[in-house]
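Starting from 1, each residue takes its place in the sequence as its number. Values below: all heavy atoms of this structure, side chains included; hydrogens, waters and symmetry mates excluded.
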Amino acid sequence: MRRRPATSGHHEEMEKSNCKSPPSRLCFLATLSAMFWILIFYFHFSVLTGTPISPPDQSEFSDDSRPFEPLPTMPSHQHFAEHQEPKTFPFARALRTVENKSDPCGGRYIYVHDLPSRFNDDMIRDCRKLSLWTNMCKFMSNAGLGPPLDNTEGVFSNTGWYATNQFAVDVVFGNRMKQYECLTKDSSIAAAVFVPFYAGFDIARYLWGHNISVRDAASLDLVDWLTKRPEWNVMGGRDHFLVAGRITWDFRRLTEEETDWGNKLLFLPAAKNMSMLVVEASPWNANDFGIPYPTYFHPAKDAEVFLWQDRMRKLERKWLFSFAGAPRPGNLKSIRGQIIDQCKMSSACKLLECGSGESKCHSPSSVMQMFQSSLFCLQPQGDSYTRRSAFDSILAGCIPVFFHPGSAYIQYTWHLPRNYSRYSVFIPEDDIRKRNVSIEERLRKIPPDVVKAMREEVISLIPRLIYADPRSKLETLKDAFDVAVEAIIDKVTKLRRDIIEGREDKDFIEENSWKYALLEDGHRTIGAHEWDPFFSKPKDGSGDSKSSSAEAAKNSWKNEQRSQH
């Protein structure tokens, strides 16, 4: 009888200890079945339901009885920037409307602040206080256009002509905005935000005989009101704009001296973020933009514009050039005296002298009749860089002659071609001052075919320089209001995209703002310019309010006063 190996005995002992009663094959099958069901349960709870099985010891020592969830995988930096960052900008929804091609207002919505009436309507109701020398109430009629003009002399067309005050843009623009086709009550989709504050009317009430606290009161009140609004916080006011029908120097007082001119609206920190549309902007500041002075023509239909343009093309113009204005004997830098002398000595020039009191210069029909009979209209500086007369002459189809680039070229860059030689003649002031140039000889050297092309360009510009009747809207033409609103929207949209893409112009020099306005689209770099001598600022640090600019603003008010007596 053979002995069983020792290993075999050990195996039998193992079987007895693990499965004492059933045979070894049955024990094996039971073990296999148990493992099968364990796998089934694991698959069900872990894979199909997506709930991981927590290790036994983790549930015993964790205070949190919820199932353990792994952290999600973070996207790459580039992917995150493209798909997550824009959503963090409060203006992202407004930008997305640009891409909605089925929405005719996509990217064009304007939100208008509902300002307390003290900022606008109350001024109109108290219109007698808007000027010391002019009863502005009559100019507030017809939505700010003033009374209709009598066309007994046949100078105007039969409809659309009004005795509009040259400083009435506040109310005209505000009423035009009420007819804007893409107004919205939802500021989150607005391409820009309009502030209907009558800044020009406000300062007109208090420039003479009031201390600086009175002059600044409404501006400080406005800024306080705006900065508490949620719409302001979207971009800190950089998407806001307002309109003032006065020159910028009335709003740029630098000091707290009582004798200093104007208020400080445009120097308030919050207001520096906003865009202010004025009839004359500062060459050296970035928060104001020039828009046209109002003319006497405010058509309600495209047909009225087309008929007027055709009429201006067909007119016989017997005068080579003309000038309407008064000398400025108190201003040693003014060239008006020399211009008047040259006009008087020329048989080809028509002169309309403007003195104090009654004058044909204050008769719209007399002024327009002279411009309509002239090929060229001389437009030297007024008391400040600009004057309404330039727009009246263009409306008459008369080619303007400028003597300073600040009179139009750097002012109305939204409304006029950058290539100024297409529609105007430029004769530097120094050439007149030093008597180096005969205006008549200079104009006669321009070939007739060039003159014809320039006049056609001038006539084609008319729609962009007039304000349509605020109670209606032109069908296809863009007027001065449309051009300005479109420019503001483009400015804000570009700024928003620059913010999202992290672009910042660190080399921007605000003192050279006038140069940036002349750059072609897409260009950001400026350099030396031929007009630098015209815009060199005082180096004594005195700033605008003590410069000739503030003095010019004061003089313009004095001449406004004289013209009413």
Side-chain angles (χ1 to χ4, degrees), residues 146 149-158 160-166 292-298 308-328 335-382 386-403 407-408 423-425 427 432 438-440 442-444 446 451-452 454-459 461-462 465-466 559 563:
L149 284 172
D150 184 8
N151 192 29
T152 53
E153 298 181 40
V155 177
F156 315 122
S157 41
N158 292 326
W161 291 80
Y162 298 85
T164 307
N165 186 275
Q166 65 174 328
Y293 285 85
T295 63
Y296 303 111
F297 186 38
H298 306 281
W308 180 256
Q309 287 176 303
D310 287 341
R311 181 175 168 181
M312 294 304 100
R313 290 186 181 100
K314 297 172 182 176
L315 287 176
E316 291 292 328
R317 300 178 184 266
K318 61 181 180 180
W319 302 104
L320 176 64
F321 62 112
S322 61
F323 175 64
R328 294 290 187 268
I335 61 170
R336 285 188 170 209
Q338 290 96 317
I339 285 177
I340 291 172
D341 289 343
Q342 287 205 34
C343 188
K344 285 180 175 179
M345 290 187 293
S346 171
S347 60
C349 182
K350 171 68 174 176
L351 178 64
L352 198 61
E353 290 192 84
C354 305
S356 60
E358 289 297 324
S359 167
K360 287 188 176 181
C361 275
H362 308 305
S363 165
S365 60
S366 297
V367 172
M368 290 300 293
Q369 189 172 45
M370 184 185 75
F371 289 160
Q372 288 175 32
S373 62
S374 306
L375 282 174
F376 297 94
C377 294
L378 308 185
Q379 301 296 344
Q381 294 186 71
T386 61
R387 59 195 304 240
R388 171 184 178 156
S389 176
F391 298 98
D392 290 335
S393 65
I394 292 175
L395 178 60
C398 186
I399 301 166
V401 180
F402 295 112
F403 302 86
S407 295
Y423 70 93
S424 71
V425 175
I427 303 175
I432 303 298
S438 162
I439 296 173
E440 180 177 351
R442 171 73 172 81
L443 297 178
R444 287 195 183 280
I446 303 175
V451 173
K452 183 178 180 181
M454 293 173 71
R455 186 167 68 250
E456 180 57 35
E457 181 72 19
V458 165
I459 293 171
L461 289 173
I462 290 175
L465 302 178
I466 57 176
N559 283 299
S563 69

Undergrad: On a heavy-atom basis, which atom in A324 and which in M370 lie closest, and how many Å separate them?
TA: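 In this case the closest contact between A324 and M370 is CB-CE, 3.6 Å.
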
Undergrad: Any side-chain heavy atom of L465 within less than 4.5 Å of one from T295?
TA: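 A side-chain contact under 4.5 Å is absent here.
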
Undergrad: Under a 3.5 Å distance rule, please check whether Q309 uses its side chain to pair with a backbone N or O of I459 as donor and acceptor.
TA: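 Checking the backbone N and O of I459 against the side chain of Q309, a donor-acceptor pair under 3.5 Å is found.
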
Undergrad: Would you check if F402 and I427 make a side-chain contact, meaning some heavy-atom pair closer than 4.5 Å?
TA: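 In short, these two side chains do not touch, never coming nearer than 4.5 Å.
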
Undergrad: Hey, are K452 and E457 close enough for a salt bridge, meaning a charged N less than 4.0 Å from a carboxylate O?
TA: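 No.
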
Undergrad: Charged N to carboxylate O under 4.0 angstrom, K344 versus D341?
TA: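 Salt bridge absent between K344 and D341.
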
Undergrad: Could you check whether Q379 and S389, counting side-chain N and O atoms only, form a donor-acceptor pair closer than 3.5 Å?
TA: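 Looking only at side-chain atoms, Q379 and S389 do form a donor-acceptor pair, the distance falling under 3.5 Å.
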
Undergrad: Please list, chain by chain and in numerical order, all residues satisfying side chain to side chain contact (heavy atoms under 4.5 Å, CB included) with R444, sequence neighbours excluded.
TA: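 For R444 the side chain to side chain contact (heavy atoms under 4.5 Å, CB included) partners, ignoring immediate neighbours, are L320, A348, E440.
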
Undergrad: Return yes if some donor-acceptor pair links the side-chain N/O of R455 with the main-chain N/O of G397 below 3.5 Å, else return no.
TA: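 Not confirmed, R455 side chain does not pair with G397 backbone.
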
Undergrad: With a 4.5 Å limit on heavy-atom distance, are the side chains of R387 and P380 in contact?
TA: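 Result yes, sub-4.5 Å side-chain heavy-atom pair found.
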
Undergrad: Any chance the rings of F297 and W161 have centres within less than 6.0 Å?
TA: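 Here the rings of W161 and F297 have centres that are less than 6.0 Å from each other.
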
Undergrad: To the closest 0.5 Å, what do you measure between CD1 (I335) and CZ (R328)?
TA: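 Those atoms lie 12.5 Å apart.
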
Undergrad: When you measure from the side chain of R317 to the backbone of S374, do you find a donor-acceptor pair of N or O atoms at a distance under 3.5 Å?
TA: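 Yes, because the side chain of R317 sits within donor-acceptor range (under 3.5 Å) of the backbone of S374.
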
Undergrad: Find the distance between CE (M345) and OG (S438) and round it off to the nearest 0.5 Å.
TA: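 Going from CE on M345 over to OG on S438, the span is 8.0 Å.
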
Undergrad: Using every non-hydrogen atom in the two residues, find where G146 and Y162 come nearest and quote the distance to one decimal.
TA: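 So the two residues come closest at O-CD2, 3.3 Å.
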
Undergrad: Going by salt bridge (Lys or Arg N to Asp or Glu O under 4.0 Å), name the residues that satisfy it together with R388, two or more places apart in sequence or in a different chain.
TA: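 Listed in chain order: D392.
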
Undergrad: With a 4.5 Å heavy-atom cut-off, do V401 and S424 have their side chains touching?
TA: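 Answer no - side chains too far apart.
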
Undergrad: Measure the shortest side-chain to side-chain distance between V451 and F376 over non-hydrogen atoms and say whether it is less than 4.5 angstrom.
TA: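 A side-chain contact exists here, since the closest heavy-atom pair is under 4.5 Å.
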
Undergrad: With side chains defined as the heavy atoms from C-beta onward, is the minimum distance between F321 and L375 less than 4.5 Å?
TA: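 They are not in side-chain contact.
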
